[in-house]
Amino acid sequence: MLGGPSGEVSVEVIASMREFGSGRRVWRDSWLMLPSGTAVQGDSGSAVIESGDRLVGLVVGGSRERGSHAFSAQYVQDADSLCREFLERRGYCIH
């Protein structure tokens, strides 16, 4: 992970999530980021990059237990899906 208050931090992305959540909080085409708690408030939008410098995605948020300030899970939006489903339709892309 690169950027935001955490700076450059080693993370793993696992468990592809096609759709997770309900109501207003639905995560689509995302990855689960480990270790949980690596990103802190303000890291949203930070790039997650493979060792070969390929953009994997962007930190988009997380989940926490009610009343807790610590994240129990954190999510990375898949870069290819982000481009295809949102940015390219508007004439943009990030890689």
Side-chain angles (χ1 to χ4, degrees):
M1 180 179 73
L2 181 61
S6 294
E8 189 171 341
V9 179
S10 290
V11 298
E12 299 288 330
V13 288
I14 64 164
S16 172
M17 298 185 302
R18 298 297 297 158
E19 188 170 310
F20 174 75
S22 63
R24 292 180 50 216
R25 302 258 180 196
V26 177
W27 305 99
R28 288 186 179 92
D29 299 322
S30 298
W31 300 93
L32 184 61
M33 183 171 70
L34 294 177
S36 186
T38 302
V40 298
Q41 191 169 6
D43 279 337
S44 290
S46 295
V48 176
I49 301 168
E50 282 185 325
S51 57
D53 289 338
R54 186 182 80 81
L55 179 66
V56 173
L58 304 175
V59 175
V60 292
S63 300
R64 54 182 171 233
E65 299 294 324
R66 198 177 298 271
S68 174
H69 295 287
F71 287 105
S72 55
Q74 293 177 294
Y75 311 115
V76 174
Q77 174 72 50
D78 177 67
D80 292 334
S81 297
L82 180 63
C83 280
R84 183 179 60 252
E85 301 295 325
F86 182 75
L87 295 173
E88 287 177 352
R89 293 178 183 182
R90 290 158 178 82
Y92 302 100
C93 200
I94 52 177
H95 54 88

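Every heavy atom of this structure was used, including side-chain atoms; hydrogens, water molecules and symmetry mates were not. Please read these numbers as outputs of a predicted model, since none were measured by experiment.
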By the rule that ILVMFWY residues connect when side-chain heavy atoms come within less than 4.5 angstrom, directly or transitively, which residues belong alongside Met1?
Val9, Val11, Val13, Trp31, Met33, Val48, Val56, Val59, Val76
Does [X] have any salt bridge (charged side-chain N to carboxylate O under 4.0 Å, His left out) partners at least two apart in sequence or in another chain, and if so, which?
{"X": "Glu50", "value": "Arg54"}
{"X": "Arg90", "value": "none"}
{"X": "Glu12", "value": "none"}

By the side-chain hydrogen bond (donor to acceptor under 3.5 Å, both in side chains) test, which pairs, at least two apart or in different chains, include something from residues 37-49?
Ser6-Asp43
Can you name the closest pair of heavy atoms from [X] and [Y] and give their distance?
{"X": "Pro35", "Y": "Gln74", "answer": "O-OE1, 4.0 Å"}
{"X": "Ala47", "Y": "Leu58", "answer": "CA-CD2, 4.0 Å"}
{"X": "Tyr75", "Y": "Ser63", "answer": "OH-OG, 2.7 Å"}

Qualifying residues under side chain to side chain donor-acceptor pair (under 3.5 Å), relative to Glu88, sequence neighbours excluded
none
Would you give the length of the straight line joining atom CG of Asp78 to atom CZ of Arg84, rounded to the nearest 0.5 angstrom?
7.0 Å
